[in-house]
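One structure below.
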Amino acid sequence: MKCLGCHLANKNEPVFVVYEDEFVCCFLDHDPFNEGHTLIVPKKHVRYFYDLDKSTSDSIMKAAGLISNAIKTLFNPDGITICQNGGSFDDLTHFHMHVVPRYEGQNFADFFSMDEAEVKDRAGLSETQRKILEFIFNSASAESNHPSYISE
């Protein structure tokens, strides 16, 4: 397994997982644009959006809804951007989707900076992971009239 995305999605590298199922692993970006910035990464190697199978695609959308709801509730952003960079803009050489909380006045062009990223604050990522995991667990455990992306 030479693909970094495969290594991350299958937890062969350290990641701060906030949600996973049999098709995807969702973890905090190691250099977040804002607190809660999460990557949704298929566990099976897929490079391009148009190569996703239906089960993986459905799982990605379910995860995007669940994580967006957690981010909205926990961090109260002014908006959430969900994006995927393909082709030569894909630094993992593996399909991945970003779920990014955003606030008024931020220049989103900074998100696309080509600067080398480092894990800046493991303690901060660990605390964000705890908050999101707790929210998702509590959402799934609450009454049965949840949005469809929470129920199986």
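For clarity, every value in this text was computed on a predicted model and none was experimentally measured. Throughout, residue positions are numbered sequentially from 1 according to the sequence presented.
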Shortest non-hydrogen contact between L133 and V18, atoms and distance: CD2-O, 3.3 Å
Identified side chain to side chain donor-acceptor pair (under 3.5 Å) partner of H37 from the options H30, R102, H98: H98
Side-chain donor/acceptor of S59 to backbone N/O of S55, under 3.5 Å: no
Distance-minimising heavy-atom pair for G5 and V41: O-CG1, 3.8 Å
Closest non-hydrogen atom pair, L52 against S57: CB-CB, 4.4 Å
Stepwise side-chain contact (heavy atoms from CB on, under 4.5 Å) check, Q84 with F49: CA-CA 8 Å; Q84 188 274 326; F49 181 83; 4.2 Å; yes
Flag, side chain of S139 to backbone of F137, donor-acceptor distance under 3.5 Å: no
Distance in Å, M97 CE paired with N85 CG, rounded so as to fall on 0.5 Å steps: 10.5 Å
Reported CD1-to-OG distance for the pair I82 and S68, which is rounded to 0.5 angstrom: 3.5 Å
Salt bridge flag under 4.0 Å for residues D21 and K62: no
Side-chain donor/acceptor of Q129 to backbone N/O of V17, under 3.5 Å: yes
For I132 against G36, the heavy-atom pair lying closest together: CD1-CA, 4.3 Å
H96 side, atom NE2; L4 side, atom CG - distance, nearest 0.5 Å: 9.5 Å
Donor-acceptor contact present, side-chain Q106 to main-chain Y103, <3.5 Å: yes
Salt bridge present between E134 and K131 (N-O < 4.0 angstrom): no
N34 side-chain N/O to P101 backbone N/O, donor-acceptor pair under 3.5 Å: yes
Exercise: identify the closest heavy-atom pair between D31 and D29: N-OD1, 2.8 Å
Lys/Arg N to Asp/Glu carboxylate O, K54 vs D58, below 4.0 Å: yes
Over all atoms of both residues, closest heavy-atom pair of C26 and A63: SG-CB, 3.6 Å
Parallel, tilted or perpendicular: ring planes of H45 versus H94, cut at 30 and 60 degrees: perpendicular
